[in-house]
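Index from 1, following the sequence. Just so it is clear, the values below take in all heavy atoms, side chains as well, and ignore hydrogens, waters and symmetry mates.
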Amino acid sequence: MARRQKRLQQRRRARPKRRKTHPVRALGSSLAVATVAGLLGWVWWAGETPQHPLPDPPSWLPKCPVGGGPVNFAHRVSAPDGPIYFCCEHCMEQFHAAPSTFNAKIELQRKELDHLPRIQVSCPISGDPPDPAIYVESPAGRIFFCSPNCRDKYVASPAEYAGAVASSFWYQTKCPVDEKQIDPTIRATLPSGETVYVCSQRCHDELMQNTVEYAPGLALQGIRLHLD
C-alpha cells in the first residue's frame, strides 16, 4: 500500500504545474487579438470601399444596352452605324460575345443620345481635329472636316461615312477645370486610361496633375474615371 502511494506521489510531482493567468495579462492578450482583428477588418473594408467616391450618375444618361444602367461615356465601341456606349467593361465583353442580341436596346440608346448636347472633336474621315472653316450642311447640322479633301470624300458618299460621323462627336462638352466649352484640339489621356477634352493647355496640365479633384465634375458629364 505504501509503495502505491509513493508511486502516485511521484506521478503528481512529474506533471507540469498549471500556471495561473494573471487577470491583467489575460485582458492585454484579448485586447491584442481584438486590435489585430480590427486592423484586418479595416484592410478588407479599405479594399472593398472606393477611396475616391464619385457622385451618382445623372438621370439623363442613356442606358447601357447590356446591363441597363447609366452608361459611362469612357466605355465605347465603334460600330459601322455609330458608337455604342456601355456602363462597364464587363458589359462590353458580353456585347462582343453576341452583338445582334442587343440591337433593339442599341436603337433605344441612340434615340436618347439624339437629345444630348455634343461637340464634334474629330474629322469623320481622317480622325484628326476638325477645321471650323471646312464643313458641309446636313439635316443633323454642320459636319466639320480637317481638309477639303476629306470633305469631298464625304460629299461623294455620305451614307458610307454615317457611322464615322456619329463617332466623331463627343458628349463631354465642358472643360472639367474651367467649365468652359471644350476645345476639340486639346485632348488629355489620363493616368486611369480615359480620354477627355479640356478648353486650354493650362487646364490640360492642371487636370493631369490633380485628376482626382476634377473626377466628380467629369462624372456629372457621364465620364466615370477608374481612380482605385
Side-chain angles (χ1 to χ4, degrees), residues 54-130 135-136 138-146 150 153-154 157-176 181-182 184-185 187-198 215-227:
L54 296 175
D56 292 335
S59 59
W60 52 262
L61 281 174
K63 300 298 184 291
C64 171
V66 179
V71 301
N72 181 352
F73 286 129
H75 297 298
R76 179 173 101 159
V77 169
S78 295
D81 50 351
I84 307 168
Y85 297 92
F86 301 87
C87 61
C88 62
E89 294 181 358
H90 178 67
C91 285
M92 293 173 66
E93 293 172 358
Q94 284 190 276
F95 167 76
H96 285 303
S100 60
T101 308
F102 307 101
N103 286 343
K105 292 184 178 181
I106 290 171
E107 288 304 315
L108 289 175
Q109 183 189 98
R110 287 180 175 153
K111 289 179 181 179
E112 294 178 296
L113 289 170
D114 287 341
H115 301 290
L116 300 183
R118 60 182 189 172
I119 292 178
Q120 189 178 348
V121 296
S122 63
C123 170
I125 310 301
S126 69
D128 295 329
Y135 61 88
V136 297
S138 75
R142 288 183 176 180
I143 302 173
F144 297 91
F145 302 86
C146 65
C150 287
K153 284 184 178 180
Y154 171 80
S157 182
E160 180 181 350
Y161 298 104
V165 168
S167 296
S168 69
F169 285 88
W170 195 251
Y171 293 95
Q172 174 233 330
T173 60
K174 292 182 180 180
C175 171
Q181 181 173 299
I182 62 170
T185 65
R187 180 172 59 183
T189 301
L190 302 176
S192 50
E194 294 85 356
T195 296
V196 300
Y197 288 83
V198 291
L218 286 168
L220 293 176
Q221 294 194 70
I223 296 181
R224 298 180 72 84
L225 305 182
H226 297 287
L227 299 174

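- For the pair I143/Q120, a side-chain contact is recorded, criterion being any heavy-atom separation below 4.5 Å from C-beta on.
- Annotation: side chain of F86 is not in contact with side chain of V71 (no heavy-atom distance under 4.5 Å).
- For K153, the NZ atom sits in a loose shell: 12 or fewer heavy atoms of surrounding residues, nucleotides or ligands are nearer than 6.0 Å.
- No side-chain heavy atom of L61 sits less than 4.5 Å from a side-chain heavy atom of Y171.
- Atom CG in L108 sits 11.0 Å away from atom CG in L113 (nearest 0.5 Å).
- To the nearest 0.5 Å, the span separating CH2 on W170 from CD1 on I223 amounts to 5.0 Å.
- Judged by distance alone, with hydrogens and angles left aside, the side-chain atoms of Q109 form no donor-acceptor pair with the main-chain N or O of I84 at under 3.5 Å.
- Side-chain contact check for S122 versus D128: every heavy-atom pair is 4.5 Å or farther apart.
- You'll find the side chain of P184 stays beyond 4.5 Å of the side chain of P129, heavy atoms only.
- In terms of heavy atoms, C87 sits closest to P70 at CB-O, 3.3 Å.
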Apply side chain to side chain contact (heavy atoms under 4.5 Å, CB included) to residues V198 and I182 and explain how you reach the verdict. CA-CA 5 Å; V198 291; I182 62 170; 6.0 Å; no
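- Here the two rings, on H226 and H75, have centers that are under 6.0 Å apart.
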Stepwise, does the side chain to side chain contact (heavy atoms under 4.5 Å, CB included) test hold for T195 with L190? CA-CA 6 Å; T195 296; L190 302 176; over 6 Å; no
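- Across every non-hydrogen atom of C146 and C150, the tightest pair is SG-SG, 3.7 Å.
- Not a single donor-acceptor pair under 3.5 Å links the side chain of S167 to the backbone N or O of A164.
- Ring planes of F145 and Y154: tilted class, angle from 30 to 60°.
- Within the 4.5 Å cutoff, the side chain of T101 has no heavy atoms near those of the Q94 side chain.
- Taking a 6.0 Å sphere around CZ of R110, one finds it holds more than 12 heavy atoms contributed by other residues, nucleotides or ligands.
- With values rounded to the nearest 0.5 angstrom, L54 atom CG is found 7.0 Å from L225 atom CG.
- Side chains of P57 and R224 form a contact here, defined as non-hydrogen atoms less than 4.5 Å apart.
- Across I106 and P65, no two heavy atoms sit closer than the pair CG1-CB, 4.0 Å.
- For D114, the CG atom is densely surrounded, since the number of other residues' heavy atoms within 6.0 Å is greater than 12.
- With hydrogens and angles ignored, the 3.5 Å screen pairs a side-chain donor or acceptor of Q172 with a backbone N or O of Y197.
- Residues F73 and P62 are in side-chain contact: their nearest non-hydrogen atoms beyond the backbone lie under 4.5 Å apart.
- When atom types are taken as modelled, the side chain of Q221 and the backbone of K174 share a donor-acceptor pair closer than 3.5 angstrom.
- Minimum heavy-atom separation, P58 to L220: CG-O, 3.5 Å.
- Closest non-hydrogen pair, P83 versus Y85, comes out as CG-OH, 3.8 Å.
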